[in-house]
Each structure stands twice: as structure tokens, then as C-alpha cells.
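Have a look at the structure below, then the notes.
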Amino acid sequence: MADKDDLRRAKPLTTLYLIRHGETEVNRRNCVQGMRIDPPLNERGRKQAACVGQRFRDVAVDWVVTSNAQRAKETGAAISSHHPSAPVTHMGALNELDFGDYEGTHVTAGYNDLVHAWDVEHKTSQPAPGALGESPHSCEQRAMHGLRDVVAQAVASGRSHVCVVVHSRLIQIVLAAMLDGTLATMARYKQKKAAVNVVDVVALAQADAWPYKCVAREINSESHMSSEVVSRVSSATSLASRSDKDERIRFEVDADGTLVLRRL
């Protein structure tokens, strides 16, 4: 207990703000949105991003890092609008987990079974189905490598407030790895759209996987958004819980890279 109290009182080497992007039409329609499904923010998502920007207006943000996804870049831009001198970096290592054959499809019982295997049965090396599907473990390896680079550069250059705008499952993975040293706790860190997590990096640690000791200050905070802006769709909604009259759709990427909506 004393060690934890000491960490909470320690001056941070840097503070990471892990932020989930705002809502997209893929989110709104309750479809799986991973690495390869890359829509922009929708109207609600843009309002959420604006709220995120306001949340950091009076924070001395000195670096904005995002994944390569449009939705993350747009949300990050809302922060950058208040901090035009802060550099912006886009990192493929921080892209969302690839959900394989489930990408772009409605959340179904099969998808929910996969999430259950990861979050409840702790089968974190089980990949999503299909040749491109990732497991939480494989996603952790690339994401934590990228995040180690971000922290190392921030500490070396004296950057004290770093906003990292990324994705729901990826945030669950990195928070579990950073704070608990295990992916078995991912379910604790479920993320709302445009939620903010505040983590102080307070000391070096003797560990190969994540060489820093961290303290969480806020987890999955929506305090910067009004109830009118918060998303209404739950990604836990399954196909079985919807009416037969509900439309059946799938988002797909055309040969030219355009995201299109197919009606099934």
C-alpha cells in the first residue's frame, strides 16, 4: 500500500491522456469497426470531438498522437485546434485491433462469443476469425511497442502532457498491460465514445514488456460531454436482440479503398 501511495504522490515523468475517438456511422449502426474499416466521424461524433477539444483547452498539451484512422485523426484535430504549436504524429502501431471476418458486420452472437472468450475466459491469444484477424495478445505487442516509443520520446524531450487518440479495444489492451501487467483485466477498461483516460507515468520499472510504473487518475471519463452528446448505441447489442424488421447491412471497402454500405 505504501508503494502505491508513494507512486500516486510522485511527480510524473509524463502524463498520457488515452482518448477514444468520437462516434461514426459504423458505430451508430452497431457494426464492428476495426483496423480496416475507416469511416469519418458522424455529426454526433464531431460534437463529441469538440467536447474533447474543450476538455483539453486549458491543459498544456505538448504532443498529440493518433492512430492512422480518420476518426482518430479528426478527434485529435479538435485537441490540436486549441494547441496549434503542439506537434501531431500518426502511428500505425496504434491502429485498432483487426477483427478479421467480423469487420464491418453487425455485432452478432458470434462476435459476442469472441469478446466473451477474450474478456471472461481470458483466451487472449485467440485471434478473430479470418486470415487478417488479430488476437489481443498480438495487438498488445505492436501497440505497446508504439506506446513505449511515445513515452520514451516524451520523457527525453520534456513533453509533460501527451494526448493519444485511439480506439476502444486498443485502449482496453494497453490499460490492462500498463496498469496490471496482464490482459486478463481488459473488461475493466471498456470505453465509451470520446471517453478520456488519464495515466501518469511516474517511474522506470524493471520489466521488459512495459518498463514504466503508472498510476491511473481517470478511467473512461465522459465528464466533458453533456447527456445530449453522449452516444446512445451499445456495442454489446447482439443480432438476436434486434427485431426482424431491423435492416441487415455490412460496411465493406471497395477495390479503390472507398468504404461502402451494403444491404444484405
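Heavy-atom basis, side chains included; hydrogens, waters and symmetry copies ignored.
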Q.
Whether the D180 and T185 side chains hold a donor-acceptor pair (N or O, under 3.5 Å, no angle test) is what I'd like checked.
A. yes
Q: State whether a side-chain donor-acceptor pair under 3.5 Å links T66 with H90.
A: yes
Q: Ignoring hydrogens and angles, state whether a donor on the side chain of R71 or H21 is under 3.5 Å from an acceptor on the partner side chain.
A: yes
Q. So does D38 pair up with K73, basic N to acidic O under 4.0 Å?
A. no
Q.
Test of understanding: with side-chain contact (heavy atoms from CB on, under 4.5 Å), list the residues that count as partners of V202, not counting sequence neighbours.
A. L7, A10, D200, K213, V215
Q: Identify, with sequence neighbours excluded, every residue that meets salt bridge (Lys or Arg N to Asp or Glu O under 4.0 Å) alongside D254.
A: R262
Q) Do the side-chain N and O atoms of E96 and S67 include a donor-acceptor pair separated by under 3.5 angstrom? A) no
Q. What pairs with S157 under side-chain contact (heavy atoms from CB on, under 4.5 Å), at least two apart in sequence or on another chain?
A. R159
Q: Kindly determine whether V174 and L18 satisfy side chain to side chain contact (heavy atoms under 4.5 Å, CB included), including the steps that lead there.
A: CA-CA 9 Å; V174 299; L18 297 169; 4.0 Å; yes
**Q.** Mutual orientation of the aromatic rings belonging to Y111 and Y102 [parallel < 30°, tilted 30-60°, perpendicular > 60°]
**A.** perpendicular
(Q) Counting C-beta onward and ignoring hydrogens, is there a side-chain heavy-atom pair between R44 and R28 closer than 4.5 Å? (A) no
Q: State whether E134 and R36 are salt-bridged, where the test is any N-O pair (Lys NZ or Arg NE/NH1/NH2 against Asp/Glu carboxylate O) under 4.0 Å.
A: no
**Q.** Derivation of the side chain to side chain contact (heavy atoms under 4.5 Å, CB included) call for S168 and K190
**A.** CA-CA 7 Å; S168 179; K190 291 185 182 298; 6.0 Å; no
Q) Rounded to the nearest 0.5 Å, how far does CG of D149 lie from CE of M91? A) 5.5 Å
